[in-house]
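I have placed the structure first, in the form of C-alpha cells, so that the comments after it can refer back to it.
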Amino acid sequence: MRRIGILLSGRGSNFVAIAESIASGRLDAEIAVVISNRAGAPGLEIARQRGFPTLAIPAQGREREAYDRVLIEALAQHGAELVCLAGYMRLLSNAFVQAFPGRILNIHPSLLPAFPGLDAQHQAIAHGVKIAGCTVHFVDEQLDSGPIILQAAVPVLDNDTAETLSERILKEEHRIYSEAIRIVLTGAYRKEGRRITCD
Ligand code: GAR
C-alpha cells in the first residue's frame, strides 16, 4: 500500500509537508490525488502547480452521504489506498468511513481527546492548559475520536495567542503526519483495542 489520497479544505501546509517527505525519500509513497471541497482552497492550487492530479468537488447542496459517494468514487478511480485528511473541514459520513476501513488518517491540532472539533488551539488557550500539541489518528465514525497513532506536545506560553500557539503546533504537525503515514503504510504497528503501539 503506498498510494495516498489527500483531502483538504484550505491552506494545505500539511499536504505540502507530506509531498516534501515523499520528494526527499523520507516517505515511500505516492500522492494519487488531492481533492478539495473548496474550489478556491490554496492547497489545491499548490497541488496543481506541483503537477499532482487534483479535483475540486464542491458540495453544492448535496446531502452528506451523496457527496461522500462522489468522493469515494473519485478516490477509487485514482487508486487511492490510504486517505489522509489534511485540514479537511467537513464531517465524513459513516459510508465514507466504512468504504476505507482502517485506511483514513486525520491530523488534529490538539492532544486528543482534549479539544476535538473546531478551533482547537483557541479552545486550549481559553481552557488555560499549559501543554498543547497535535494528534494523528485513524478516523472512525465519531468526530476526532479514532485510535491515536502519534502525538507531539508543545508548551503553551503565557503570552501565546491562538495564532502563535498554532504556529508552534503546526511545526510538529508537519513532522508527525509523515511519520504516522510511514508507520501505517509499512504496517509497523500493532493494534490492541484502541491502543496502537509502533514497532
Ligand atoms: C491544521 O492545523 C490541522 O491540524 C487542522 O487544520 C489545519 C490545516 O492546516 N485540522 C483540523 O482542525 C481538523 N479538525 P493546513 O491546511 O495548512 O494543513
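Atoms within each ligand, like the ligands themselves, are counted from 1 in listed order. Note that the numbering runs from 1 along the sequence shown for the chain. Keep in mind that what you see is a predicted model, and the values were worked out from it rather than measured.
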Verdict with supporting geometry, Asp28 and Arg182, salt bridge (charged side-chain N to carboxylate O under 4.0 Å, His left out)
CA-CA 7 Å; Asp28 179 23; Arg182 190 188 63 74; over 6 Å; no
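- Minimum interatomic distance between His108 and Phe115 (heavy atoms only, all atoms of both residues): NE2-O, 2.8 Å.
- The aromatic rings of Phe138 and Tyr189 sit tilted, their planes meeting at an angle between 30° and 60°.
- Residues Tyr177 and Leu150 are not in side-chain contact: their nearest non-hydrogen atoms beyond the backbone lie 4.5 Å or more apart.
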Write 'none' if nothing qualifies; otherwise put on separate lines each N/O atom of ligand 1 with a protein N/O atom under 3.5 Å away and their distance to 0.1 Å.
from     : atom 1 : to     : atom 2 : distance (Å)
ligand 1 : 2 (O)  : Glu173 : OE1    : 3.2
ligand 1 : 2 (O)  : Glu173 : OE2    : 2.9
ligand 1 : 4 (O)  : Glu173 : OE1    : 2.8
ligand 1 : 4 (O)  : Glu173 : OE2    : 3.3
ligand 1 : 9 (O)  : Arg11  : NH2    : 3.1
ligand 1 : 14 (N) : His108 : ND1    : 3.2
ligand 1 : 16 (O) : Gly12  : N      : 2.7
ligand 1 : 17 (O) : Arg11  : NE     : 2.6
ligand 1 : 17 (O) : Arg11  : NH2    : 3.1
ligand 1 : 17 (O) : Ser13  : N      : 2.8
ligand 1 : 17 (O) : Ser13  : OG     : 2.6
ligand 1 : 18 (O) : Ser13  : N      : 3.4
ligand 1 : 18 (O) : Asn14  : N      : 2.9
ligand 1 : 18 (O) : Asn14  : ND2    : 3.0

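- Counting non-hydrogen atoms of other residues, nucleotides and ligands closer than 6.0 Å to CG of Asn159 gives a total above 12.
- Among residues two or more places apart in sequence or in another chain, the ring pair (Phe, Tyr, Trp, His ring centres under 6.0 Å) test is passed with Tyr67 by none.
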